[in-house]
Every structure is written in structure tokens, then in C-alpha cells.
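Order of listing sets the numbers, starting from 1, for every ligand and every atom in it. Heavy-atom basis, side chains included; hydrogens, waters and symmetry copies ignored. Source: prediction; values computed, not measured.
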Amino acid sequence: MPKPKVFVTRIIPAPGLERVSACCDADIWPAETPPTPGEILARVRGVDGLLCLLTDRIDAAVMDAAGAQLKVISNHAVGVDNIDLAAATARGLPVGNTPGILTDATADMALALLLAAGRRIVAGAHEVRSGGWKTWGPSYMLGADFAGATLGLLGFGRIGQAVARRAAGFGMRITYHDPFVTDPQPGLEAQPVGLERLLRESDFISIHTPLNEATRHLIDAAALAKMKPTAVLVNTARGPIVDQQALYAALKERRIFAAGLDVTDPEPLPLDSPLLELDNLVIVPHIASASWRTRAEMSRMAAENLIAGLKGERLPNCVNPDVYPAQ
Ligand code: GLV
């Protein structure tokens, strides 16, 4: 029996790559940068499976270019906003993702950005290197207090709750807004609040919602205008949830204190982006899940979804289970 043909859109960590290479005839995109949309269309022709990254737009045209034998799309990410799920479901194609394993690493990064932005870590490091540090000063480089402050979590799924557990250790009061979570979480002292109240009352706001039509530009000029002038905003979810022009204006005019972004719109952020002028914004290059164990496990999960789909088995983690007949 010939091995199933698959296209893997980047070199993924060894645990996943070895699994895929062992049982598939794998075409692995060798470059550090993603294939262009045209290159994806060309490489998917005739494949049985596709293992893709969040940098790849997988739409109906890609699915159709692959052909009717395509059995599975496995995303090496928990977020699947890069994939047209409706188109996949309409074609009976299961789509896999990698939930759970990146919860802790992402929550760690959210805390790191809250601290970095709130306590001016990057601006402070710049002071040291640029000669701005003249002496210890009673009012020099003051930042936000964490103990006793209110943290508002926009989205209270796995990652939002992991951030809440960490923030509790800092003595923060936790509130959250999530239309899909109604029950208070056992063991977590966190209060559900409306969006308006969260925006107005939070000292820190951290975003943990998926990107979809309801959350695109959820943080726009109007939302930013409701925040405290001392507020710190952090986004480790998806760039387009925040209207970046509005964020630029709010930070530049000091209408909020600071922000930390792991994700931007677009990615990578162009070097001439005005955001890069701001000293009250910390930006890192979408690395919240970039820890050794997390990325190794993500690659394993992505490979296992791919291989299950190729065998016609149910994916261990499927985001569109409607493709399976009701049991
Ligand atoms: C990372 O952003 C992911 O969705 O896995």
C-alpha cells in the first residue's frame, strides 16, 4: 500500500515530524517563512492530508485545489481562525487543533506582559542602555501595583482561567466576561461581569477570546475610551481583536497607561508601524506558546490528528465534530 500523501507547511518539532514522516509520503515546506497562498495551492494538489500553521490561510480554494481525496486538515495551533471551518465542514473535512497543551505557556506569557507593561520593564531596560538612568529617584519610572488591583479577563476558557490562577497569587481581584462561561469556576475566586463594567473597573485587562466576527475589533476606540487612564491592556489571543489604530491613539495620548501585545495585525508587524514609536507598549513576536515542551507537544498532537484523519478515525481533537455522524 502506498503511504498517504501529505503537505506539511513548515518544519515542525521532531516529535510531530518523526511521526508524520514515518507513516506518510510527506512534502515538508523547508523554508523558515511560510509558503505563499500560490505555493500552498500548488503543493496541496492530490494530497490526502494537510498539516498547516496559523500563518497559512486555508480556504475553500485550497480545499478544492487539494481534491476530493483530501481527508483531514490538522492545524499546529489551538486557534483555527486561519481555516474556513464552514468550508471544511461543508466538504466533510475534519479539522484538528492542539488545545490544552499550550494553556500554561500562554498564561505565563500573559502574566509576563502584564508585568512588563505595568512595571515598565522594557522602557526601564532601555533607560539603562541609553544612559537615561542617572540616579535612584523617588518618582522615577513609577508603574502599576498588582496586589489588590482588579484584573479583567476577556474570555474565561482554559487560558483565561490559568491566568486567573496565576494572578490570584499576586493578590489580584479577578473578574471576567465570557458569554459562553456562566458557572463560577470551582476553586477560582472570579466574578462574572458585563463587558462595560469590566472595561470601566479593571486595572489590568487580558484578552483570551478566539478571533471571530463577534470579537474582531472588540477593543476599539469606544472600548478603550471606557478604560481607566491607569489601565494596562494585554493581548495574547489574536491581533485583530484589538483595533491597533485606536490602541496607538490611546497609548500615545496616555489615555491608558500601557499595553503588551504578543499578537498584532498584521504579523509580522511592519518596521514602519507607528506602534513601534511608543514607549508604553511592549510587543513580542507571537511567542506565547513558544516553550520547548509546549511546542514539542503541539507538534505531536498535530501529527496525531493528521494520522487519525488519514486512517478515517475520529481526530483526538476536532473543532468541527459535525462532520461525524451523530452517535
Ligand atoms: C497560537 O496562537 C495558537 O493558536 O496555538
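- Polar contact check, H286 against ligand 1: a nitrogen or oxygen pair lies under 3.5 Å apart.
- Using the six-membered ring where Trp is involved, F7 and W29 have ring planes that are perpendicular, over 60° apart on the 30 and 60° scheme.
- Ligand-side atoms of ligand 1 in range of L102: 5 (O), range being under 4.0 angstrom from any heavy atom.
- Other residues, nucleotides and ligands contribute at most 12 non-hydrogen atoms within 6.0 Å of the CD atom of Q245.
- Contacts between L54 and ligand 1, counted as non-hydrogen atom pairs separated by less than 4.0 Å, involve the side chain only.
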Query raised in the report: Does the side-chain contact (heavy atoms from CB on, under 4.5 Å) test come out yes or no for S202 and M227, once each step is laid out?
Result: CA-CA 7 Å; S202 299; M227 293 180 195; over 6 Å; no
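- Considering backbone and side-chain atoms alike, M298 places every N or O at 3.5 Å or more from each N or O of ligand 1.
- Closest to atom 5 (O) of ligand 1, if we only count protein heavy atoms, is V78 N, 2.8 Å.
- Side-chain contact between L113 and L261: absent, with no pair of heavy atoms (C-beta onward) separated by less than 4.5 Å.
- Using a 4.0 Å cut-off between a side-chain N of Lys or Arg and a carboxylate O of Asp or Glu, R10 and D56 do not qualify as a salt bridge.
- Short contacts between ligand 1 and G79, defined as distances under 4.0 Å to a heavy atom of the residue, involve ligand atoms 3 (C), 4 (O).
- Considering backbone and side-chain N/O atoms, R238 comes within less than 3.5 Å of an N/O atom of ligand 1.
- Between R120 and D279 no salt bridge is recorded (no basic side-chain N to carboxylate O distance below 4.0 Å).
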